Amino acid sequence: MGKKSLETWCSDQLHDVLGFSDKSLATFLVDVADKASSVQEIVKVFEEGGHLQGKNDRLVEEFAKDLFRRCHPSSSDPEKKKKRSKAPKRKTEDVVEETREKERVSAVSDDTKETRKRSRPEDSGVNDGEQKRSPEAVSPPEKKDATGEAAEEEETEENMTVEQLREKSRQVYLKSREQREVDLLQKSLADEETLFKGVKLTKAEEKRITLGKKILGMVEEREGRDAIQDGYRLPDSYDDKESKAKQDQDKLSSRYVEEKHEKTEEQLWQEAQTNKATIVKKKHKKDEQDYELVFDDKIDFVMQGTRKGHDRRGDRAKSASRRRTSTKEKEEAKPEAPQSTPQETEHQKILAGRKRLPVYPYREELLAAVKDHRVLILVGETGSGKTTQIPQFLHEVGYSKLGKIGCTQPRRVAAMSVAARVAQEMNVTLGHEVGYAIRFETCTSPKTIIQYMTDGMLLREILTEPDLSGYSCIVIDEAHERTLSTDILLTLLKDIVRYRSDLKLIVSSATLDAEKFSTFFDNASIFMIPGRMFPVDIYYTKAPESDYVDASVVTVLQIHVSQPLDGDVLVFLTGQEEIEAAGEILTMRTRNLGSRIPELIICPIYANLPSEQQAKIFEKTPKGSRKVVLATNIAETSLTIDGIKYVIDTGFQKQKSFNAKYGMESLIVTPISQAAANQRAGRGGRTQPGKCFRLFTAWSFQNELEPNTIPEIARTNMGNVVLLLKSLGVNNLLHFDFMDRPPSDSLIRALEQLYALGALNDRGDLTKLGRRMAEFPLDPMLSKTVIVSEKLKCMSEILSMVAMLSLGAGVFYRPKDKALLADTARMNFARGGGGDHMSLYRCYHDWAQSNYSSIWCMENFVQLRTIRKARDIREQLEGLCERVEIDPAVSVDGEVEPPMKAITAGFFYNVARLGRSGEYQTVKQHKTVYIHPSSVMAKDEKPPTWVVYFELAFTTKEFMRQVAPIEPEWLVEFAPHYFQEIDVAETNKKKKYGKARSKR
DNA sequence: ACCAGTAGT
């Protein structure tokens, strides 16, 4: 083997062993191997050079052996060897000493080794500092060559000891590393000048640039000096007027002092780098040192564990993953299929695809288990094909003759897409034998035998058909997600199964929860089916990260620079704001790096993002670039993006919590659970083995994260659910067999509220009014409002208002650059009084008048998608009204008083009175609350004494959202059991006189 | 003088 190919081979091997390649190192090592008399010597040189610390010994040894073997049978010619000989001794010592010092302070090299020690050897993780800092373009070690030539004359390599070789190894390595750093710095500064020429710089930026220049200056200075020392020493008498030489001369004479100074500077510089990863006030640091981000702003990860994969052949998408999934499955099926003849029909191909699903071999076993047990817990891991196959299996053996087979999904899209897929597999038209039922869109027929639906839909169905007599089997899919509806369904079904012995119930869940489900269903049997997932390596940070947004950006860049361009990156953040911030920083930083890195396409994704922009995440990543998706937990379960290989998990999410005492909601950034973290990691292993970088420590994963997310039922307002349960005849709610009990507070509040609204009588039984209210898929207070509005003849207004209210926020779009225009448009709806409630009504009304125009929406800063949902809700409510024999078209033509009276009748529980210092106090709990600044009432000069609010939200303060003024008399009129004339009058008086009295 | 994670009937 020629020397050249030996070097190439060595370089390749280095990549496997070290995680990075370095040509000069390879050349050097070949020389070392040439001279070495034993394998062990190579290993030693290698180790001492600082390349290998922490690497797997076995691998290293194998590599060394191999190298040794390859070198020795064919002794190489001495001419070539000469090239790579040792530098002058003095120089070596200098560099070695200096660099040892450097290593002690440098986070980069030391921590990298530290990390390696704990990483798997075959892993070429992002924590490989060298690779990260050495994009191929940036390592021209010219200096080294010069050194080599200078050395050539002095010594022949025959005289070199192994000891010297080690020094040399270390020197080469450190030198090239230093060179790369300097190079990057130079380019960064050059970028700065070209890109931001003429742009006014902030102080921090200025400081940063000055610092960078200073460092460069120092390096140059030293290099000049080194050159002199290395090559030849200037005679003392040599006195040139040329300033450069003179300066160098001066430096020489004052070397000691200078060097000391220089070292201190350098130490400071490096200390700053070291601290960067861990220091608490990271943000400020970041501002100062943006330019070094790729190699200094580094986060150290430790690999610990792998999320195991199954069946590496390919991934079968999670059943919860919609339409895309099904199309994907189809595509996927083709290459896997045994070479299909052209005659083979599309349908035959699909059938062949079915047989390859992991669930297929378990068919008979599973059906036997279903036959023997009424309730079966199914652990079907992601990609097993359970969602599409199990209902078909049940149908094939005849369960469909006894009744429909129902399968619930937590999400609408899932229900639709899975149904479509199954219809295709069964070769029937969607909506005939196979159908789906979701709100606003039921696609079934009397022929339907397999019906997919949302869990909420089945819950509503139980209301009309309490024993589910039309069904022979029910499959509750994705039960581990523990949605509110799933939880309620499970309890109800547990009961139904008891007296309907012919009903089969299959509860499908992820591994972790299977035991819990089994226990809940009186130790039901568990049936396991493996899935198809690729393994995902899990990395943790060595130290906690204080600023996870910044840390995630740094990690993205680390991955982007150090990992092959073979997979996209998915980052989990908590919300829109963070996603935008991270996006901006990323754009900035990648721009600073210019063309030295491949293109990075940044795609934000969150539910409120306009659909066109959402579509961007599904676009295929162009060659030579990488996509980074910044997502909320929407990407955790709700949508699946192909091509993701790297997942960055900040470990946080926003979670709603409900304070039953005040009926107040808050959205808080909370640490995720272990289960959620694993779910997120799994997102990286869908199409290929992946890597997940967790921006928290392994310790905190074990000790600080809850094993499971607190189920929704424990965090939500139960008003709706309690009304539903009451109308199903569940009398003793406190003894209802919840899988996880909601806080009693929250149940009691719901009962209290329903009693106050008149939906329950004093014995806790459902009243006639309550029964009517339960018909509406709305919060009890809204249902009450709708029912009352019949008498007030303002159905039309209230239906629009209710539809808009139940959307929550997000109707009004407020871009930062046009905030003023948006506000003006919004205030337009407020003209004519009636606060936010009437504004919402007028908004909907005007839109309807414009013939549901999208241009109208743009002009008025209204989100089309959201208001369209309001239209859907309104139309559904209309339909329900007709069923309860209420005419939904009755209107008062936008008059304010009647609809506001109806709102008062429903929301008297949510009334606040103006206090002395301009703050409001809730009537019930006397809690001080404020009008939310987004309200049209926020800027009113004369705040009304009495207001009604739609909801209470705690953010920075206790805010009332959607506020409207009311007359206290209405309270007495519509909630006489709650307010008496005297209350209203007295409180008024109290307020007036109380103020005066308290001053005296 | 705020700032909305996701899903569902």
Side-chain angles (χ1 to χ4, degrees), chain A residues 320 322 408-415 437-442 453-464 478 481-489 572-581 605-609 631-639 650 652-657 665-670 672 676 679 709 711-713 715-716 719-721 723-724 727 774-780 782-783 803 806-814 816 819 823 863 866 869 872-873 876-877 879-880 930-935 938-939 951 953-962:
Chain A
R322 42 264 78 258
T408 71
Q409 295 292 318
R411 280 168 293 279
R412 300 159 51 90
V413 244
I438 58 176
R439 190 186 186 184
F440 311 130
E441 202 179 324
T442 300
M453 58 190 122
T454 49
D455 46 13
M457 199 68 188
L458 185 62
L459 198 55
R460 282 273 144 192
E461 231 170 84
I462 290 184
L463 199 61
T464 50
E478 312 288 339
E481 282 190 32
R482 306 292 308 274
T483 65
L484 183 59
S485 307
T486 300
D487 265 25
I488 304 292
L489 268 178
F572 283 102
L573 293 161
T574 67
Q576 181 179 350
E577 205 179 337
E578 273 177 25
I579 286 172
E580 279 164 4
I605 178 85
Y606 45 88
N608 261 351
L609 193 75
T632 58
N633 46 4
I634 191 172
E636 200 172 295
T637 49
S638 306
L639 54 87
T650 55
F652 288 96
Q653 70 180 130
K654 272 188 179 159
Q655 207 173 53
K656 195 166 71 179
S657 65
E665 281 181 346
S666 40
L667 204 54
I668 300 166
V669 174
T670 351
I672 59 170
Q679 170 74 22
T709 312
E712 194 187 358
I713 197 167
R715 299 182 277 114
T716 343
N720 210 341
V721 172
L723 181 60
L724 184 92
S727 66
E775 291 281 326
F776 293 95
L778 294 168
D779 188 83
L782 285 171
S783 308
S806 49
L807 293 175
V811 183
F812 298 105
Y813 173 59
R814 193 170 181 269
K816 268 176 207 145
D823 288 345
Q863 293 230 6
T866 322
K869 219 157 123 197
D872 286 338
I873 295 175
Q876 189 195 23
L877 292 177
L880 287 168
Y930 305 85
I931 294 179
H932 196 278
S934 68
S935 165
K939 285 164 205 148
E951 62 182 355
F954 182 82
T955 49
T956 45
K957 266 185 187 175
E958 291 84 354
F959 283 115
M960 300 181 277
R961 284 207 192 118
Q962 319 291 12

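Just so we're on the same page: letters track the sequence lines, and every chain starts at 1. Computed from a predicted structure; not experimentally measured.
- With distances taken from any side-chain atom of A/M457 to the nucleotides B/dC2, B/dG8, B/dT9, the minimum falls on B/dT9.
- Among the nucleotides B/dA7, B/dA4, B/dT9, the one closest to the side chain of A/L667 is B/dA4.
- For the atom pair CG of A/L463 and OG of A/S727, the computed distance is 4.5 Å after rounding to the nearest 0.5 Å.
- Inspection of the A/T574 and A/E578 side chains reveals an N or O donor paired with an N or O acceptor under 3.5 Å.
- Note: CD (A/Q876) to C1' (B/dG8) measures 11 Å, nearest angstrom.
- Residue A/I438 is in sugar-phosphate contact alone, with no base atom involved, counting any heavy-atom pair closer than 4.0 Å across all strands shown.
- Residue A/T454 has no polar side-chain atom (N or O) positioned under 4.0 Å from OP1 or OP2 of B/dA7.
- As rounded to whole Å, 16 Å separates atom P of B/dA7 from atom CG of A/L484.
- In this structure, A/Q679 places its CD atom 15 Å from C1' of B/dG5, rounding to the nearest Å.
- Listed nucleotides: B/dC2, B/dG8, B/dT6. Nearest to the side chain of A/N720: B/dG8.
- A/S485 comes within 4.0 angstrom of no nucleic acid atom, judged by non-hydrogen atoms across all strands.
- Rounded to a whole Å, the CD atom of A/E481 is 12 Å from the C1' atom of B/dG8.
- Of the listed nucleotides (B/dG5, B/dA7, B/dT9), B/dG5 has the atom at the smallest distance from the side chain of A/N633.
- The ring-ring contact (aromatic ring centres under 6.0 Å, His included) check on A/F959 picks up A/H932, with sequence neighbours excluded.
- The closest donor-acceptor contact from the side chain of A/T464 to the backbone of A/E461 lies under 3.5 Å.
- Across B/dT9, B/dC2, B/dA7, the shortest atom-to-atom separation from the side chain of A/A607 is found for B/dA7.
- Side-chain contact between A/I438 and A/M457 is absent, with no heavy atoms from C-beta onward closer than 4.5 Å.
- Heavy atoms of A/F440 sit nowhere under 4.0 angstrom from any nucleic acid atom.
- Straight-line distance from the CD atom of A/E580 to the P atom of B/dA4: 11 Å, rounded to whole Å.
- For A/R482, no side-chain nitrogen or oxygen approaches OP1 or OP2 of B/dA7 to under 4.0 Å.
- Counting to the nearest Å, the C1' atom of B/dC2 and the CE atom of A/M960 are 14 Å from each other.
- Among B/dT9, B/dC2, B/dA4, the nucleotide with an atom closest to any side-chain atom of A/P933 is B/dC2.
- A straight line from CG of A/L723 to C1' of B/dT9 spans 12 Å, rounded to a whole angstrom.
- A sub-4.0 Å separation between OP1 or OP2 of B/dT6 and a side-chain N or O of A/T632 is present.
- Within the 4.0 angstrom heavy-atom criterion, base atoms lie near A/E712.
- As rounded to whole Å, 21 Å separates atom P of B/dA7 from atom CD1 of A/I488.
- Across all strands shown, A/E577 has heavy atoms under 4.0 Å from sugar-phosphate atoms exclusively, and none from any base.
- Residue A/K656 places no side-chain N or O under 4.0 Å from the OP1 or OP2 atom of B/dT6.
- The residue A/Y606 sits close only to the backbone: its heavy atoms come under 4.0 Å of sugar-phosphate atoms, none of a base.
- By the ring-ring contact (aromatic ring centres under 6.0 Å, His included) test, A/F652 is found to be paired with A/Y548, residues two or more places apart in sequence or in another chain being considered.
- At the heavy-atom level, A/T574 lies under 4.0 Å from the strands shown only through sugar-phosphate atoms.
- Residue contacts shown for A/I634 are limited to sugar-phosphate atoms, with no base heavy atom under 4.0 Å away.
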